[in-house]
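Worksheet: the structure to be examined is printed underneath.
Quick caveat: nothing in here was measured; it's all calculated off a predicted structure. Here is how names work: the chains are called A, B, and so on, in the same order as the sequence lines, proteins then strands, and each is numbered from 1.
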Amino acid sequence: MSQLSMSPTPARDSLVSVSGLAKSFGDHTVLRSIDFEVAPGSVTVLIGPSGSGKTTVLRSLNALDVADAGRIRIGDVEVDFADRPVTKKQVAALRAQSGMVFQAHHLFPHLSVLENLTAGPVLAQRRDRDEAETEARQLLRLVGLAEKADAYPFQLSGGQQQRVGIARALAVRPKLMLFDEPTSALDPELVGEVLKVMKDLAAQGWTMVVVTHEIRFAQQVADQVLFLDGGVIVERGTPAEVLTHPGTERARQFLHRILDPLD
Amino acid sequence: MSQLSMSPTPARDSLVSVSGLAKSFGDHTVLRSIDFEVAPGSVTVLIGPSGSGKTTVLRSLNALDVADAGRIRIGDVEVDFADRPVTKKQVAALRAQSGMVFQAHHLFPHLSVLENLTAGPVLAQRRDRDEAETEARQLLRLVGLAEKADAYPFQLSGGQQQRVGIARALAVRPKLMLFDEPTSALDPELVGEVLKVMKDLAAQGWTMVVVTHEIRFAQQVADQVLFLDGGVIVERGTPAEVLTHPGTERARQFLHRILDPLD
Amino acid sequence: SSGGSDLQAVKSAGILRVGTEGTYSPFSFHDPRTNQLTGYDVEVAKAVADKLGVKVQYVETPWDAIFAGLTSNRFDAVVNQVTKNPERSGLYGLSSTYTWSEGVIATRADDSSITSLGALKGRKSAQSLTSNWAEVAKDAGAQVESVEGFTQAITLLKQSRVDATVNDSLAVLDYQKSTGDQGVKIAGKTGDVSEQVVATRKGSDLVAAIDKALAQLKSDGTLKKLSEKYFGSDVTVKPTA
Amino acid sequence: MNEQTTQLILDSLGPLLRATVTSTIPLTIISFVLGLVVALGVALMRLSKVRVVSGIARVYISVIRGTPLLLQLFIIFYGLPALGVQFDPFPAAVIAFTLNVGGYAAEVIRSAILSVPKGQWEAASTVGMGYATTLRRVVLPQAARTAIPPLSNTLISLVKDTSLASTIQVTELLRVAQEAAAPTYQFFALYGVAAVYYWVVCLALSFGQSGLERRQNRYVAA
Amino acid sequence: MNEQTTQLILDSLGPLLRATVTSTIPLTIISFVLGLVVALGVALMRLSKVRVVSGIARVYISVIRGTPLLLQLFIIFYGLPALGVQFDPFPAAVIAFTLNVGGYAAEVIRSAILSVPKGQWEAASTVGMGYATTLRRVVLPQAARTAIPPLSNTLISLVKDTSLASTIQVTELLRVAQEAAAPTYQFFALYGVAAVYYWVVCLALSFGQSGLERRQNRYVAA
Ligand SMILES: Nc1ncnc2c1ncn2[C@@H]1O[C@H](COP(=O)(O)OP(=O)(O)OP(=O)(O)O)[C@@H](O)[C@H]1O
Ligand SMILES: Nc1ncnc2c1ncn2[C@@H]1O[C@H](COP(=O)(O)OP(=O)(O)OP(=O)(O)O)[C@@H](O)[C@H]1O
Ligand SMILES: [Mg+2]
Ligand SMILES: [Mg+2]
């Protein structure tokens, strides 16, 4: 039997707990057996080569991809993917725990910035529109875009679009924020503004899992760093441990190539 | 009268000479008055904030955008854009002097890698197909992709696609190579492979004008750095002068934001 | 047969529904001044309904669909110059003949090479397939060009793309009368006679009632009067030559 | 053109206009709107992962697009009564045209839905929207942009196809032209007048299309 | 269905098949191929920066799409002789259908050309290609991918539209069905047979379309 407990559970150490997570697309095994925990209020940074499965981990946490095996618990919701079939209700319950920020923002182009933020609360969560708008304006202030409420996405710069994407994810009041390379599609000058917003969220105590190649951000903000390779977590620890003194040759090479592309 | 001299001229110091270059789109003035020289065999790096006109400078050199005023000379071809109308023949003559590598590579998706390289020589320059193919294979070896001759672009990684783009530009034997942010759309791990190819080209004596945010590449490879802001070159000099000790506040801020996004 | 009694249905509804083209002058068309449906067949249908003691209701339907309309009970009878032939007799309930017409050959006015059916051999003749004049022309050895209707046949004739068209004398006469066209003449007769009837569904008991009505209209002179009004002669009796 | 023909044409202008306004245009609009509803349903079926459902939609589309519209009209008007279902001319025409538009527009709508990036579906689901809400509030408004030009083709074809309704006793524009032409054999002249009316209606619709497209483009960069 | 009707249908199968193969299909193919050539020309004119040129293309497209095909056939067959130009039925039909396809397909081709990223034009010009070479070697091969589905719609419509050629004396499928039906007025039954033939032809074309699309997709990721 699938387990889906939505009743309050006793306080635990971790907000997120992942164990034995596995996922294949057809013949291609992408995640082998992923285990990790995320403490409430902490920042976890996922790094690793292209194709190593970073995005798939985030998408599994958000149930955009449904894992083949393993368990994911976020807050009070736990889904055991070994029990088939995983129901729509389970998927929805798990998904509701986290907000997702995509690399290519995926803002709704036909809605204004404010409407992008209220779409989730009003259309999906059936919250009061006025209340949702008030909260949305607060979130826009948080990401420094209070005056852009009525603009359409195409009227914003890439960095501004990405900040709206963050605000939209926050608007549904998730327990956990997931970021998938939120700065990699940005002009280098605009990277800073998005990283700063993320740093602020971390400082305010939001629990975050972040895929990024911004090593400096990881060093300054992360509580734990996971290095993924071939669908397995091959290194884990504090930024100092993983980024400065990697234990494996693979991680050393990877970090070297990112930090010194010309050598 | 427009001047278009294609006859050999006495050797000059510079391969490229740009003076008084100006360009507007509608009301919006993008380039005000750009002057610079490029010595044969040298590498010029253009940096500057988004929208400052870097791409427009390159596109003007390649005559993809036709300037409103000013003169451009590349090798033996000189066009004075003050003389209207600028003829198609002038545009074609100027364009034939340089090869262009785009940020989004723009490979021809329906042609194989080899066909991408021979399209210019065979279809446009009417060179012998066998000879063009032999030369194309040499170029593929140069960019480290000899074994990919028969692949289609979609079968290559981003870094490989970009290297094919470079080889394609070289295939028409230009006097000057133009690069517009050739690494900014790439995975961080792949940036290195493209920069290395460009470094090799520079070492072989190709004349290059490169728009890039890879400050380290500029420091190692550039002979001159131009800092563009608001359609004007506000700083110029060696990498040490412009990158390490910028004279203007604007350039200082810009470099700071790129090098320290989190501050 | 369509099950119960058609006659009973018509009587109890008090309406005879008649399928007719509405675009076939002078038999069934709209008067340009009043826009009312009128014509020889239209008036015959009205007279038949009168004799049956019911009102008439016209259902205007293109020729191609007119028998589909009859079969699917959109109306009770077709009054639209339906020509009798053995195939049709097998499929539908056909009344007695209410109009006889002669076949004529129409040519360009300046063409004197065709005066009889025999002269059609090897020549081009434009024929509407839905009339049996196509058969007549083909049997005479003419090369038949199919057209949609009489107007197109005349157009081709005048453009010298065909040499003749074989049709009902009534149709040709009406064309000449209403357009005043001097470019076309009647060059000869075919010697064929065709019989126009009212069509009902196969096995319908309406046929007998319509036959009776037609006989009455013939004997009281109504049919003759209508014929003379539209054609200037009596075409409701079998021609003798 | 002689005087008589000119007079005939002038006399016909009024009746033909009346037929256009009272018959051709309403028939077009009603059938098109209902047809879009059918098309959306068929498009969603065609996109279904359940093979039987998408199979049914496939067959429907194939039959509708593979057979002449005239025959579809005939079957509904003259054929269905054999099964005991009888419609008056106008409703029969509306049904036939609706089903026809449903088949053609289904493919347009399907491909417009597919043209909306998958990321939009995912973004909607991350903020908690279900299938129906995502479709209605996120995907269809964006799909409209892609769908408008081909749908306006369908609409403009429909305007002219309504002329086939004359074969099932609907007195529309072409039928009135035929009636006016019959007594004088001037089919050519009156078809010409009808053609001009059709053209004007189609022109008006094209302008409508441009307007809609402009409205749709308000949220994308120039 | 009674015995007589069944016999009639069976007897007609051969002649209708012959008409399909010797007339409907060649008429469709010839007109479509020539129509594509016209369409490409009109599309390029419509894309021209010279306003007069693009204006002419606009008017052409608007008239062709705004008026019934039947009337276009009539004008070319019955109308042009008044100006001293006379065509036989088959050539007249080919001309009319070619011009018609030219108008409809022009818009398809134009939008397919526009769907090829501007970067492809620029990349081609940087390696020295001119307008014609770029169009032929770079843009059209890519535009084909976008254009095939809507063009196959145009083709499938054309199959059924060729039935209108019967009105100008071309002995095609529908005409043969009418001929077979005339003596007994069994139009309905024989139109049904014709519809099945049309459907089969359209089905075959749809399969052809899928094949072409697959071929086109060989150079893009799955
Ligand atoms: N929907 C899918 N179908 C098939 N294969 C997939 C799918 N999604 C991802 N993959 C494959 O799974 C592997 C891991 O993908 P994933 O996107 O998780 O990697 P990543 O670490 O995020 O890489 P990147 O840094 O390039 O974003 C890749 O080989 C990818 O091709
Ligand atoms: N075709 C065009 N039409 C109108 N405006 C244009 C066009 N091309 C460029 N511009 C404008 O010209 C300005 C300079 O553009 P350009 O692309 O040269 O900047 P850039 O320095 O390359 O910026 P980036 O770093 O973002 O690539 C921008 O404001 C841009 O919006
Ligand atoms: Mg990823
Ligand atoms: Mg640029």
- Task: Select all residues of residues 185-202 of chain B having any heavy atom within less than 4.5 Å of some heavy atom of chain A, and report them by number, or 'none'.
- Result: B:Asp187, B:Pro188, B:Glu189, B:Val191, B:Gly192, B:Leu195, B:Lys196, B:Lys199
- Message: Quick check against the 3.5 Å criterion: does B:Arg216 have a side-chain atom that pairs as donor or acceptor with the backbone of A:Pro261?
- Response: no
- Query: Looking at B:Val221, B:Ile258, B:Thr183, B:Leu262, which has the largest count of heavy-atom pairs under 4.5 Å with chain A?
  - Reply: B:Leu262
- Message: Can you tell me which portion of A:Ile215 sits under 4.5 Å from chain B's heavy atoms? Options are side chain, backbone, both or neither.
- Response: neither
